[in-house]
Student: 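Have a look at the structure that comes next, please.
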Amino acid sequence: MVLRVFNTMSGKMEEFKPLQDKHVGLYVCGPTVYDWAHLGHARTYIAFDVIVRWLEFKGYSVFYVQNITDVGHLTTDTAEDKIVKRAIERKVEPMQLVEVYMREYFKDLDALDVKRPDISPRATGHLLEMIEAIQSLIQKGYAYEVNGNVFFDVSKLDDYGKLSKIKLDAMLEGSRFEVHQDKKNARDFALWKRAAPETVLKWWSPWGTGFPGWHIECAIMGLKYLGSQFDIHGGARDLIFPHHENEIAQSEAMTGKKPFVKYWLHTGFLKINGEKMAKSLGNYITVREALKKYSAEAIRLFVLSTHYRSEIDFTDERLKGAETSLKRLYNTLESLEDTKKVSAKREPNEVEQKFGENVEKLRGEFVKAMDEDFNTPQALAALFELSKEINRFLDEQKQVNAEILEKVYDSFSELGKALGLFQQEKTEKKVGGKIADDLVQLLFDLREELRKKGDYGLSDEIRARMKELGLVIEDTAEGPKWKLA
RNA sequence: GCUGGGGUGGCUGAAUGGUUCAGGCGGUGGGCUGCAGACUCACUCUAUAUGGGUUCAAUUCCCAUCCCCAGCUCCA
């Protein structure tokens, strides 16, 4: 089946065809590491995690590059480097700050079961390449130097603005930012900035000491690791302008090859209780805080319940709902595992045949949804229907054909895993320590004796008190089962 | 001001020029259970912002109006 994606560049759905056969080059803009990762990061990187997983599901090998920005990202108000500013506030070395938040970023994303990129290149590790590139842009006439600052001359390109569809003249009217006095043209952007004497984070360059602009790093690292042209470039939608627009300008000016990127994918923003997430509103939630309250997979399920390009609203109600629906999927998975133990090696009967066909049909619906620009809400609908179909079947059947059961189990878990779900170890039916396990078993056996005698008062009390200890007992038709809550 | 995206049931969130608008969450009732849980079935009243138009037929296409959001300035 054909995969189609929505390309921001064309504004349309397009058939996905990588530049080289079954290989996909992917670049996603990473974080500026001066603070904790927040839920907005989680949304974007979970979305791209699922995109990577789906490409792999489709048989592509994906080479995934995601940068770490550790210099050059300026604040608006004072035009200071964000990292330098925070480092001064905290009285630490800028690179110390970077190191701390970079490590914490990886920890948080690991905790969310987001697979790491193949390479996480840092801006400061690519100064030489950036300086060379800037020199080449000056040489080719696309950039100019004034007072130790180097700017990209946007007027040299006739297709500037093609990604964001921005009209340059109109853009300046409502805009409030001050134009740097050395710029020839207000829309020009900095490639290299002169450092103030007291600036800590600076490097030598042909134009004096300074530091690189923000947009040049991604252009350089993309070119270096993925080549002058590659398949997918992603990020949140706020990066479309100016960041990605400027990346295109620089890269295409430098290499002379168009297009720099074949497919541009952008994720929608995350809101908190209907409001934009912002520090000024006091509704800023870090990944770490969220993980104290909700499981990683519930957060993932919540993210996937909305299409990646749409805005998504983070509320307690929805997260609790995600937690419940996740449990539903896990219950089905466990039922399948339990039934596997009593499956039979014999010819499948008519009911089983039909069941196998239904499962195949739903699997097809899931694949179709994902192939249509990674439509995870629709894919999830198919997964839940599959769950229901399986539950219904298992409720009726005592002993199931082993081959069919195996196939159904594989399908169900494979699809869940394609979304990054079902990462949890199967609930360990161990408390820890042989004596403790044996004691649980002893209580368990005694409770069964009581139930057989009809002493429900005491057996229910045992169940209630075991629950308080985190051991959930469920009495089923096949006998009692227990698991850790 | 300019550019773009939207308004679907109690909440959320897909889809579609045409038999009953998916799925999840929540609620109510039933089944199964000694009970509970899990699972399952049914229901959740006229659910597609409003007003026009095109059409045999529109929630879907077109126009207008109202409202919301985003980008244009740092942001994932």
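By convention in this document, chain letters (A, B, ...) are assigned in the order of the sequence lines, proteins followed by strands, and residues within each chain are numbered from 1. Computation of the quantities below employed the complete heavy-atom set of this structure, encompassing side-chain atoms and omitting hydrogens, waters and symmetry-equivalent molecules.
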Student: In whole angstroms, how far is the C1' atom of B:rA38 from the CG atom of A:Asp395?
Tutor: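 Answer to the nearest Å: 9 Å.
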Student: Side chain of A:Asp238 only, please: which of B:rA76, B:rC69, B:rA15 is the nearest?
Tutor: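 Per side-chain heavy atoms of A:Asp238, the pick is B:rA76.
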Student: Does the pair A:Glu217 and A:Arg122 meet the rule for a salt bridge (Lys or Arg N to Asp or Glu O under 4.0 Å), with working shown?
Tutor: CA-CA 9 Å; A:Glu217 62 170 276; A:Arg122 290 167 62 167; over 6 Å; no
Student: Base, sugar-phosphate, or nothing: which does A:Gly321 touch, judged by heavy atoms less than 4.0 Å apart?
Tutor: sugar-phosphate
Student: In terms of side-chain heavy atoms of A:Lys388, which of B:rG71, B:rA76, B:rU40 is nearest?
Tutor: B:rU40
Student: Applying a 4.0 Å non-hydrogen cut-off, can you work out what A:Leu239 is touching in the nucleic acid: base, sugar-phosphate, or nothing?
Tutor: sugar-phosphate
Student: Between A:Lys320 and A:Glu317, does at least one N-O distance fall below 4.0 Å, as a salt bridge requires?
Tutor: no
Student: Indicate yes or no: does A:Arg86 engage A:Asp35 in a salt bridge with an N to O separation below 4.0 Å.
Tutor: yes
Student: Report yes or no: is the cationic atom of A:Lys271 (NZ for Lys, CZ for Arg) under 6.0 Å from the centre of the six-membered ring of A:Phe314, at an angle within 45° of the ring normal?
Tutor: no
Student: Need one value for A:Ser310: base, sugar-phosphate or nothing, where a base atom within 4.0 Å counts as base even if backbone is also close, heavy atoms only.
Tutor: sugar-phosphate
Student: What distance, rounded to whole Å, do you find between the two C1' atoms, one in B:rG37 and one in B:rU46?
Tutor: 38 Å
Student: Side-chain N or O of A:Thr306 versus OP1/OP2 of B:rG13: is the shortest distance under 4.0 Å?
Tutor: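 It does, given that an N or O in the side chain of A:Thr306 lies less than 4.0 Å from OP1 or OP2 of B:rG13.
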Student: Write down the distance separating the P atoms in B:rC62 and B:rG4, rounded off to the nearest Å.
Tutor: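 Nearest-Å result for B:rC62 against B:rG4 at atom P: 14 Å.
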Student: Taking 4.0 Å as the cut-off, does a side-chain nitrogen or oxygen of A:Asn391 come that near to OP1 or OP2 on B:rU40?
Tutor: yes
Student: For a ring pair (Phe, Tyr, Trp, His ring centres under 6.0 Å) check, start with the C-alpha distance between A:Phe422 and A:Phe412, then their side-chain angles and the critical distance, and finish with the verdict.
Tutor: CA-CA 10 Å; A:Phe422 300 159; A:Phe412 189 67; 5.5 Å; yes
Student: Side chain of A:Arg463: nearest nucleotide among B:rG34, B:rC25, B:rC35?
Tutor: B:rC35
Student: Report the distance from atom CD of A:Glu247 to atom C1' of B:rA76, rounded to the nearest whole Å.
Tutor: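 Going from CD in A:Glu247 over to C1' in B:rA76 covers 14 Å.
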Student: Please state the P separation for the pair B:rU60 and B:rG53 - nearest whole angstrom.
Tutor: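 B:rU60 and B:rG53 have their P atoms separated by 14 Å.
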Student: Using the C1' atom in both, what is the distance from B:rC39 to B:rA76, to the nearest Å?
Tutor: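 Looking at atom C1' only, B:rC39 and B:rA76 are 40 Å apart.
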Student: Here's a test of your reading of the structure: between A:Ile473 and A:Thr315, which maps to the more 5' nucleotide of RNA chain B?
Tutor: A:Thr315
Student: A:Asn331 near the nucleic acid: base, sugar-phosphate alone, or nothing, with a heavy-atom cut-off under 4.0 Å?
Tutor: sugar-phosphate
Student: Looking only at atom C1', what distance separates B:rU16 and B:rA58, rounded to whole Å?
Tutor: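 Roughly 10 Å separates the two C1' atoms.
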Student: Under 4.0 Å, counting only non-hydrogen atoms across every strand here, what does A:Glu474 touch: a base, just sugar-phosphate, or nothing?
Tutor: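 Since a base atom lies under 4.0 Å of A:Glu474, the category is base.
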Student: Please pick, from B:rA14, B:rC69, B:rC41, the nucleotide with the shortest atom-to-atom distance to any side-chain atom of A:Arg392.
Tutor: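 Taking heavy atoms from C-beta onward, the closest nucleotide is B:rC41.
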Student: With both distances under 3.5 angstrom, what nucleotide forms a Watson-Crick or G-U wobble pair with B:rA70?
Tutor: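 Paired with B:rA70, as far as the under-3.5 Å criterion goes, is B:rU3.
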Student: Taking only the P atom of each, what is the distance from B:rG10 to B:rA22 in whole angstrom?
Tutor: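 About 15 Å, rounded to a whole number of Å.
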Student: How many whole angstroms separate atom CG of A:Leu270 from atom C1' of B:rG13?
Tutor: 16 Å
Student: Roughly, in whole Å, what's the span from CD1 in A:Ile312 to C1' in B:rG6?
Tutor: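 Spelled out: CD1 on A:Ile312 to C1' on B:rG6 is 16 Å.
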Student: Out of B:rG71, B:rG26, B:rA70, which has the shortest distance to the side chain of A:Thr324?
Tutor: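 Selected nucleotide (nearest to the side chain): B:rG26.
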Student: Closer than 4.0 Å, any side-chain N/O of A:Lys276 to the OP1 or OP2 of B:rG71?
Tutor: yes
Student: Tell me what A:His307 touches on the nucleic acid: a base, only sugar-phosphate, or nothing, going by heavy atoms under 4.0 Å.
Tutor: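 Result for A:His307 = sugar-phosphate.
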Student: Taking atom P in both B:rA36 and B:rA14, what distance in whole Å separates the two?
Tutor: 37 Å
Student: With sugar-phosphate meaning primed atoms plus P, OP1 and OP2, does A:Phe384 contact a base, only sugar-phosphate, or nothing at under 4.0 Å between heavy atoms?
Tutor: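 Answer is sugar-phosphate: A:Phe384 comes under 4.0 Å of backbone atoms only.
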Student: In whole Å, what separates the C1' atom of B:rG9 from that of B:rA47?
Tutor: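 After rounding to an integer number of Å, I get 4 Å for this pair.
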Student: Between A:Asn391 and A:Thr332, is any side-chain donor less than 3.5 angstrom from a side-chain acceptor?
Tutor: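 Yes, a side-chain donor-acceptor pair sits under 3.5 Å.
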Student: Using a distance-only criterion (donor-acceptor N/O pair, under 3.5 Å, no hydrogens), is the base of B:rA76 paired with the side chain of A:Arg43?
Tutor: no
Student: Taking side chain as C-beta onward, heavy atoms only, is A:Val50 less than 4.5 Å from A:Met370?
Tutor: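 Answer yes - side chains close enough.
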Student: Does the aromatic ring of A:Phe269 sit over the six-membered base ring of B:rA70, closer than 5.5 Å centre to centre and tilted less than 30°?
Tutor: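 No, the aromatic ring of A:Phe269 does not stack with the base.
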Student: Expressed in angstrom and rounded to an integer, what is the separation of A:Leu458 atom CG from B:rA36 atom P?
Tutor: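 From A:Leu458 CG to B:rA36 P: 19 Å.
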Student: Do the side chains of A:Asp475 and A:Arg447 get nearer than 4.5 Å, heavy atoms only?
Tutor: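 Yes, side chains in contact.
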Student: Can you tell which of B:rG34, B:rA14, B:rA38 lies closest to the side chain of A:Asp475?
Tutor: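 Given the options B:rG34, B:rA14, B:rA38, the side chain of A:Asp475 is closest to B:rG34.
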Student: Hey, does A:Arg328 reach any base, or is it just sugar-phosphate, or nothing, if we go heavy atoms under 4.0 Å?
Tutor: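 Sugar-phosphate, no base atom in range.
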Student: Looking at B:rG13, I'd like to know if its phosphate oxygens (OP1 or OP2) sit under 4.0 Å from a side-chain N or O belonging to A:Arg318.
Tutor: yes
